[in-house]
Amino acid sequence: MSTDELKKIPHFGAGIGLRLELAEDTLAHTKEINVVEIIAEHYFSSIEQGLTGILAAARAAYPVIPHGVDLSIASTVPIEKEYLQHADELMRALGAHYYSDHFALTRSGDELDIGHLSPVWFTKEMLENVVARVDHVQQTLGKPLVLENITCPFVIPGADFEEPEFISEVCRRTGCGLLLDVTNVFINAHNFKFDAQRMIERYPIDSLVHVHLAGGEMEDDVLIDTHSASIDGVNEGVWPLFEWVVTNADVKAVIIERDDDFKVSFDDTVLNDLRRIKSIWKKAKPEAEAFLH
Ligand SMILES: [Fe+2]
């Protein structure tokens, strides 16, 4: 797929991952939220009936971007036709411009399910495998695939590439997009003791489409990607990285991921971070005013 397809994607602005626990607040703040992201597989079984329930309500209020967690692009068994059919139906129903998932291994067919986003072994053989699978997904869906960097509990030794160079090669050869989770870079940099700014500059910025931000928690000097906190305190270092990204890339959507600790005020946490995203984005790119309300 040509990288020109990524340029055609509209600017969606800033929003949040739609979660049941936050649905009421999410649907009530149409003035502050520009876009929402859903976990795609949660809607696979119901999409044959079209948009129903919370998904219909979300689509009536916002553009909705599908984000899968179980494509498992690094597996070596063929991707099930049914899986891609569901993804295709969901994209059509939403009018989505791209489908996203992760540079990760989550399962091997239906037989073996790790139940977790596991790191990819960045070898030359794996590069060929991932390139072929990304091409297949993009041909089947007829839309760009946008893949995300994950946090790593460990790095698999004996690789031919480091993560940014592996991702750059996949993007260059397939025309797929990058979903840059800035918090994941920040967390990996802290836990593996490297410079986050230098690291972030190695990702393929020209292929960047979508950004994730979230707040993690520190335990014994290890940052954990809990998606449970505001982006402040131990997560404060995410902001200068985000500012660099939004200055240097043509970002189409920024999503706050919040998956835990829902009891705190929506305004003090999610909306506060959303305001900060918009302020940094508009300062970096004054033209963003047109799509950030
Ligand atoms: Fe993420």
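Atoms considered below: every heavy atom in the structure, side chains included; atoms not considered: hydrogens, waters and symmetry mates. This chain uses plain numbering: 1 for the first residue, then up along the sequence. Numbering of ligands and ligand atoms starts at 1, following listing order.
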J.: Please give the atom name: the N, O or S atom of E257 nearest to the Fe ion (ligand 1).
T.: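 Per the distance ranking, E257 contributes OE1 as its closest N/O/S atom to the Fe ion (ligand 1).
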J.: Please name the atom of D181, restricted to N, O or S, that is closest to the Fe ion (ligand 1).
T.: OD2
J.: Closest to the Fe ion (ligand 1), which N/O/S atom of E148 is it?
T.: OE2
J.: So, for Y43 and L90, which heavy atoms are closest and what is the spacing to 0.1 Å?
T.: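 That closest heavy-atom pairing would be CB-CD1, 4.1 Å.
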J.: Salt-bridge test for E169 and R172: reply yes if a basic N is under 4.0 Å from a carboxylate O, no otherwise.
T.: yes
J.: How about W121: does its CH2 atom have over 12 heavy atoms from other parts shown lying under 6.0 Å from it?
T.: no
J.: Any idea which N/O/S atom from H212 gets closest to the Fe ion (ligand 1)?
T.: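 Atom name returned: ND1.
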J.: Using a strict 4.0 Å threshold on nitrogen-to-oxygen distance, state whether E41 and R107 make a salt bridge.
T.: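 R107 and E41: not salt-bridged.
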